[in-house]
Amino acid sequence: QVRLVESGGDSVQAGGSLRLSCAASGFRSSSYCIGWFRQAPGKEREGVAAVDSDGSTSYADSAKGRFTISQDNANNILYLQMNNLKPEDTAMYYCARESVTSIYWYPLCRGRRFGDWGQGTQVTVSS
């Protein structure tokens with residue numbers, strides 16, 4: 001059974017850093033494009049960053065230069081290091097893996113559909 005569990009969200013001040021973790025089970029995360037997404041209240045969910053099975057990474061413009069995605073293949077964990085956080089980064093953050101049966105397409109990993117969403121972890125950045 002595929003399962004994704006996010007953790008690491010917190011409340012921080014602008015300029016601070018957080019590292020989010022996503023523990024994957026039921027599949028080998030390094031064999032898929034897997035990524036981070038976020039949804040702020042009243043806004044659509046957006047793709048933040050992803051890492052493909054070949055190790056290539058892709059980022060939303062808002063994340064470039066501040067966020068770094070990485071994965072621990074031995075332990076099947078995906079990370080998102082977020083630096084220089086801004087109030088506009090406030091959102092629920094989710095991880096998900098590519099899924100050909102999903103209807104949700106994002107411009108990550110050269111454009112993929114994503115599914116098997118985790119429950120999310122809240123990031124709140126205050127000014």
Side-chain angles (χ1 to χ4, degrees):
Q1 180 181 357
V2 172
R3 190 176 183 213
L4 297 166
V5 180
E6 304 92 337
S7 62
D10 205 345
S11 297
V12 297
Q13 291 196 328
S17 298
L18 283 174
R19 188 176 80 158
L20 306 183
S21 300
C22 172
S25 59
F27 70 103
R28 184 167 295 278
S29 60
S30 59
S31 298
Y32 294 81
C33 173
I34 184 168
W36 287 97
F37 303 78
R38 68 186 182 186
Q39 187 167 21
K43 295 188 177 181
E44 291 188 355
R45 186 168 53 201
E46 63 172 337
V48 176
V51 55
D52 210 339
S53 56
D54 64 359
S56 60
T57 57
S58 48
Y59 295 90
D61 287 344
S62 59
K64 289 178 182 176
R66 300 188 299 126
F67 295 1
T68 303
I69 191 169
S70 62
Q71 56 184 47
D72 177 348
N73 292 334
N75 293 296
N76 233 22
I77 300 174
L78 182 72
Y79 297 105
L80 184 68
Q81 177 67 44
M82 304 188 295
N83 298 327
N84 190 23
L85 283 161
K86 304 176 181 181
E88 52 263 42
D89 294 318
T90 295
M92 186 71 79
Y93 283 71
Y94 302 88
C95 60
R97 70 164 184 172
E98 65 175 299
S99 172
V100 297
T101 61
S102 173
I103 63 172
Y104 300 107
W105 183 94
Y106 293 89
L108 297 173
C109 293
R110 296 177 291 276
R112 302 282 177 89
R113 300 176 189 176
F114 290 84
D116 297 317
W117 303 91
Q119 85 290 345
T121 187
Q122 178 69 38
V123 172
T124 303
V125 185
S126 58
S127 58

If hydrophobic clusters are built by linking Ile, Leu, Val, Met, Phe, Trp and Tyr wherever their side-chain heavy atoms come under 4.5 Å apart, do [X] and [Y] end up in the same one?
{"X": "Leu4", "Y": "Phe114", "value": "no"}
{"X": "Leu80", "Y": "Val5", "value": "no"}
{"X": "Tyr104", "Y": "Leu78", "value": "no"}

Pairs involving [range], ordered by first then second residue, that meet salt bridge (charged side-chain N to carboxylate O under 4.0 Å, His left out) (sequence neighbours left out):
{"range": "residues 12-23", "value": "none"}
{"range": "residues 71-85", "value": "none"}
{"range": "residues 20-35", "value": "none"}

Point to revise | ring-ring contact (aromatic ring centres under 6.0 Å, His included) partners for Tyr32, two or more places apart | key: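 Here the qualifying residues are Phe27.
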
Review point. Of the non-hydrogen atoms in Ala14 and Pro87, which two are nearest, and what is the gap between them?
Key: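 Taking every non-hydrogen atom into account, CB-CD, 4.1 Å.
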
Practice item. Please name the pair of heavy atoms, one in Leu18 and one in Gly8, separated by the smallest distance, quoted to 0.1 Å. Key: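 Taking every non-hydrogen atom into account, CD2-O, 3.9 Å.
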
Check your understanding: Can you check whether Ile69's main-chain N or O pairs, donor with acceptor, with Tyr59's side chain at less than 3.5 Å?
Key -> yes

Review point. Does Val125 offer a backbone N or O that forms a donor-acceptor pair with the side chain of Thr90 under 3.5 Å?
Key: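 Confirmed, Thr90 side chain pairs with Val125 backbone.
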
Side chain to side chain donor-acceptor pair (under 3.5 Å) partners of [X], counting only residues at least two apart:
{"X": "Ser21", "value": "none"}
{"X": "Asn84", "value": "none"}
{"X": "Arg66", "value": "Asp89"}
{"X": "Thr101", "value": "Ser99"}

Point to revise | Audit row: Val100, Arg113, side chain to side chain contact (heavy atoms under 4.5 Å, CB included) steps and yes/no | key: CA-CA 6 Å; Val100 297; Arg113 300 176 189 176; 5.6 Å; no

Exercise for review: Determine, stepwise, if the pair Gln81 / Ser70 fulfils side chain to side chain contact (heavy atoms under 4.5 Å, CB included).
Suggested key: CA-CA 8 Å; Gln81 177 67 44; Ser70 62; over 6 Å; no

Review point. Going by side-chain heavy atoms closer than 4.5 Å, which hydrophobic residues are tied to Tyr79, directly or by a chain of links?
Key: Ile77

Point to revise | All pairs passing disulfide (SG to SG under 2.5 Å) where residues 37-120 contributes a residue, at least two apart | key: Cys22-Cys95, Cys33-Cys109

Review point. Can the ring centroids of Trp117 and Phe37 be said to lie less than 6.0 angstrom from one another?
Key: yes

Give, for atom [atom1] of [X] and atom [atom2] of [Y], the distance between the pair rounded to the nearest 0.5 Å.
{"X": "Leu108", "Y": "Thr57", "atom1": "CG", "atom2": "OG1", "result": "10.5 Å"}
{"X": "Ser127", "Y": "Lys86", "atom1": "OG", "atom2": "NZ", "result": "13.5 Å"}
{"X": "Asp116", "Y": "Ile34", "atom1": "CG", "atom2": "CD1", "result": "9.5 Å"}

**Study point:** Pairs involving residues 5-18, ordered by first then second residue, that meet side chain to side chain donor-acceptor pair (under 3.5 Å) (sequence neighbours left out)
**Key:** Ser17-Asn83

Review point. Could you go step by step and tell me if Leu20 and Tyr94 meet the side chain to side chain contact (heavy atoms under 4.5 Å, CB included) rule?
Key: CA-CA 10 Å; Leu20 306 183; Tyr94 302 88; over 6 Å; no

Contacts table for residues 39-55: side-chain donor-acceptor under 3.5 angstrom, sequence neighbours left out:
residue	atom	partner	partner atom	Å
Gln39	NE2	Lys43	O	3.0
Arg45	NE	Tyr106	OH	2.9
Glu46	OE2	Arg38	NE	2.6
Glu46	OE2	Arg38	NH2	3.2
Asp52	OD2	Arg110	NH2	3.1
Asp52	OD2	Arg112	NH2	2.8
Asp54	OD1	Ser56	N	2.9
Asp54	OD1	Ser56	OG	2.6

